Amino acid sequence: MEKKQKLTELYLLTSFLCLFVVLIHTSSEGVTNLTMGSLQHKVFFMFNKALSFVVPGFIFLSGLKLTYSYKYKKFEFLSFLKKRFTKILIPYTCWYIAYYVFLYYIHFIEAKTIKQHIFSFLIGDLISPFYFITIIFQFYILFGIFLYLLKKVNHILLFVICTIIQLYYLQNIYPVYEDRFFVTYFIYFLLGCIMAEHMEQFQTILKKYKWIVYALFIFFTYWHTTHAYASNVEGIFYAYWRIFTCLFSISGIVAFYCISYNIVKIAPQKFITLFSILDASSFYIFLGHCFLLYICNGIWSRIGLESIFIKFILNSMIVFLGSFIVSFVYVLGKKKWYSINRKV
C-alpha cells in the first residue's frame, strides 16, 4: 500500500485562511463607515475584497482533507456523519447560544422566537461566519457521492462536466440564499477532492508553473477588486461578476497553496509545529473571533477611540492572537481530558 504523504503545507494554508477571515471582519468597519469614494475607503474596500476567497478556500481544504483521509480507508456514511456532528455541530450550538445571549444582552439584536431560532440556526445568519456551517454540512451529507464519482468517473471528464455545470449555474441561476447553497461552491470542494487523489502530480505542476499561478492571482485580484469597487461605489455594471469571483477564488486558493508549500519546505520545524497548532485550533478561531471583536469594539466605543485605521490595527492583533490563544487552550484541554478518560 502506498504510504500517505504528510501534507504539512495545509497547516500553513489553514493558518493563512484563519488570519484572512479575521482581517475581513476587522476591516469591514472601514468598508461600511468610511466616506464612499475616498482613498481610505477604496483601500479598505479593495483589501477586504482581495481576501474574500476565504470561504471557498476553507471548502477546498475540506474536500482535500476529507478525500485524502479516506484514500486508504472505507467510507461509512453514518459513522462519518456522527463524527462531524460531534466535532462541528456541538461547538456550533454552544457558540450560537453564547453569541445570542451576548448580543441580546448588549441590545445588538432583539429576542427571537423558537421558530426564528431554528431558522437562524439552520441558515447560519446569527453572525456572518456561521453561514459556513450551513454550507459545509451540505458537503458532508453529499461527501459519499463525491467519493463514488471519484472512483467511477475519469477525473478530467468529471472536472470538465462539473465546471460546465458550475459556469452555467453562476451565469443563469440565482436561488434564494445562494451564498448558503452548496452548488455555489461545489467546484472548490471538487477541486480539493481531485487534488487529494493526484497530490504528487499537482505539486509537480504547481512547482513548475508557480510564477504563472502567482501572475494569474495578481491579475484576477486586480480585476475582481477594481470591478467590484466600480460596481459597488460608482454604479458601473460588473459583467459576469459571479464567474470572475469564482476564477479569482480559485486563483487565490492555488496561489496560497503554492506559497504555503514553498514556505514549509524551508521553514524550521518549530514553525511547522506552530502552524499545526493553528490548524488544530482553526475551527474554534473561526467560530469565536467575532465574539472578541464585539468586545474590542465595545471598549473602543467606551474610551472614545474613533480612528478606524487604529481600530483596525488593534482589532486585528488582539482578535487574531486572542482567539488563537483561547482556541489553543481549549484544544489542549480537550486532548488532556480525553487522555485522562482513556487511562481511567
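Note that the coordinates shown come from a computational prediction; the quantities given were computed from them, not determined experimentally. By convention here, the first residue in the shown sequence is residue 1.
- Environment of NZ in K65: crowded, with over 12 heavy atoms of neighbouring residues, nucleotides or ligands closer than 6.0 Å.
- Aromatic ring orientation, W95 versus Y99: tilted (interplanar angle from 30° to 60°).
- The aromatic rings of Y214 and W211 sit perpendicular, their planes meeting at an angle over 60°, well past the 30° parallel limit.
- More than 12 heavy atoms of other residues, nucleotides or ligands sit less than 6.0 Å from atom OH of Y174.
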Given Y261 and L206, is the side-chain contact (heavy atoms from CB on, under 4.5 Å) satisfied, shown in steps? CA-CA 9 Å; Y261 181 80; L206 294 178; over 6 Å; no

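- Aromatic ring pairs are classed by plane angle as parallel below 30°, tilted from 30° to 60° and perpendicular above 60°; the pair F139 and F189 is parallel.
- Between F320 and F324, the ring planes lie parallel to each other; the angle is under 30°, not in the 30° to 60° tilted range.
- Between Y257 and E9, the side chains place a donor N or O and an acceptor N or O closer than 3.5 Å (distance only, hydrogens not considered).
- In this structure a side-chain-to-backbone donor-acceptor pair under 3.5 Å is present from S282 to D279.
- Looking at I109 and L126, their side chains come closer than 4.5 Å, going by heavy atoms from C-beta outward.
- Summarising the local packing, CD of E110 is surrounded by 12 or fewer heavy atoms from other residues, nucleotides or ligands at distances under 6.0 Å.
- A donor-acceptor pair under 3.5 Å links the side-chain atoms of T113 to the main chain of Q116, judged by distance alone.
- Side-chain atoms of N48 come within 3.5 Å of backbone atoms of I24 as a donor-acceptor pair (strictly under, hydrogens ignored).
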Please lay out, stage by stage, how L12 and F256 fare under the test side-chain contact (heavy atoms from CB on, under 4.5 Å). CA-CA 9 Å; L12 182 54; F256 274 91; over 6 Å; no

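- A donor and an acceptor atom, one from each side chain of T26 and S316, are located under 3.5 Å apart.
- Surrounding CD1 of I303 are more than 12 heavy atoms belonging to other residues, nucleotides or ligands, all under 6.0 Å away.
- In this structure, the side chain of T184 engages the main chain of E178 through a donor-acceptor pair within 3.5 Å.
- When the shell of 6.0 Å around CD1 of I114 is examined, it contains 12 or fewer heavy atoms from other residues, nucleotides or ligands.
- Around CD of Q201, the count of heavy atoms belonging to other residues, nucleotides or ligands within 6.0 Å exceeds 12.
- H41 and F45 have tilted rings, their planes meeting at an angle from 30° to 60° on a 0 to 90° scale.
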Verify ring-ring contact (aromatic ring centres under 6.0 Å, His included) between Y238 and H227, making sure each step is shown before the conclusion. CA-CA 6 Å; Y238 184 0; H227 282 72; 5.4 Å; yes

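- Cation-pi geometry between R242 and Y169 is satisfied (NZ or CZ under 6.0 Å from the ring centre, within 45° of the ring normal).
- Put simply, the side chain of C162 reaches to within 4.5 Å of the side chain of F186, judged on heavy atoms.
- Two residues are said to be in side-chain contact when any heavy atoms from C-beta on lie closer than 4.5 Å; T221 and F248 meet this criterion.
- Atom-to-atom distance recorded for I295:CD1 and C290:SG is 11.5 Å, nearest 0.5 angstrom.
- Minimum heavy-atom separation, C296 to N315: CB-OD1, 3.2 Å.
- For CZ of F219, the number of neighbouring non-hydrogen atoms (other residues, nucleotides, ligands) closer than 6.0 Å is greater than 12.
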When you look at Y188 and C246, which way does the side-chain contact (heavy atoms from CB on, under 4.5 Å) test go after all the steps? CA-CA 9 Å; Y188 311 118; C246 182; 3.6 Å; yes

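- Looking only at side-chain heavy atoms (C-beta outward), F146 and T67 stay at 4.5 Å or farther from each other.
- Put simply, the side chain of L293 does not reach to within 4.5 Å of the side chain of I318, judged on heavy atoms.
- A 4.5 Å side-chain heavy-atom check between L150 and C193 finds at least one atom pair inside the cut-off.
- No side-chain donor-acceptor contact under 3.5 Å links S281 to the backbone of L278.
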Between F58 and F286, does a ring-ring contact (aromatic ring centres under 6.0 Å, His included) hold up when you go through it step by step? CA-CA 10 Å; F58 277 120; F286 186 87; 5.5 Å; yes

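- I308 and I299 fall within a single hydrophobic cluster, where Ile, Leu, Val, Met, Phe, Trp and Tyr side chains are chained together by heavy-atom contacts under 4.5 Å.
- Remark: side-chain polar atoms of H289 are paired, donor with acceptor, to backbone N or O of I285 under 3.5 angstrom.
- The distance from atom OG1 of T226 to atom CH2 of W223, rounded to the nearest 0.5 Å, is 7.5 Å.
- Rounding to the nearest 0.5 Å places OG of S28 at 10.0 Å from CZ of F44.
- Within 6.0 Å of the CD atom in Q40, the count of heavy atoms belonging to other residues, nucleotides or ligands does not exceed 12.
- For the pair K71 and Y68, the cation does not sit on the ring face, since its NZ or CZ is not both under 6.0 Å from the ring centre and inside 45° of the axis.
- Nearest heavy atoms, K87 versus F283: O-CE2, 3.8 Å.
- The two residues F244 and A239 have their closest heavy-atom pair at CD1-O, 3.7 Å.
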Do F80 and F77 pass the ring-ring contact (aromatic ring centres under 6.0 Å, His included) test, and can you show the C-alpha distance, the side-chain angles, and the key distance before you say yes or no? CA-CA 5 Å; F80 169 81; F77 178 72; 7.2 Å; no

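- Cation-pi contact between K49 and Y229: absent, since separation from the ring centre below 6.0 Å together with deviation from the ring axis within 45° is not met.
- Side-chain atoms of S323 come within 3.5 Å of backbone atoms of V319 as a donor-acceptor pair (strictly under, hydrogens ignored).
- Checked by atom type, the side-chain pair Y70/E76 shows no donor-acceptor distance below 3.5 Å.
- Counting only heavy atoms from C-beta outward, the side chains of R84 and L66 approach each other to under 4.5 Å.
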Report the C-alpha distance between F47 and F312 in whole Å, list the side-chain angles of each, state the deciding distance to 0.1 Å, and finish with yes or no for side-chain contact (heavy atoms from CB on, under 4.5 Å). CA-CA 12 Å; F47 173 78; F312 164 67; 3.8 Å; yes

Checking F130 against F121 for the ring-ring contact (aromatic ring centres under 6.0 Å, His included) test, could you report, in this order, the C-alpha distance in whole Å, the side-chain angles of both residues, the deciding distance, and whether it holds? CA-CA 8 Å; F130 280 1; F121 184 85; 8.5 Å; no

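- Cluster membership for Y140 and L78, using ILVMFWY side-chain heavy atoms within less than 4.5 angstrom, is shared.
- Closest of all the heavy-atom pairs between T225 and M46 is OG1-CE, 3.4 Å.
- Linking ILVMFWY residues whenever their side-chain heavy atoms come closer than 4.5 Å, directly or via other members, leaves L170 and V160 in distinct clusters.
- Y294 and F102 have tilted rings, their planes meeting at an angle from 30° to 60° on a 0 to 90° scale.
- Connection of I88 to I123 is not established within any shared hydrophobic cluster, with ILVMFWY side chains joined at heavy-atom distances below 4.5 Å, either directly or through further cluster members.
- Y131 and Y100 fall within the same hydrophobic cluster, where Ile, Leu, Val, Met, Phe, Trp and Tyr residues are linked whenever their side-chain heavy atoms come under 4.5 Å apart, directly or through other members.
- At least one donor-acceptor pair under 3.5 Å links the side chain of Q138 to the backbone N or O of R180.
- The shortest heavy-atom contact between F16 and I263 is CZ-CD1, 4.3 Å.
- Heavy-atom minimum distance, I272 versus V264: CD1-O, 3.7 Å.
- Between T134 and F181 the shortest side-chain heavy-atom distance does not fall below 4.5 Å.
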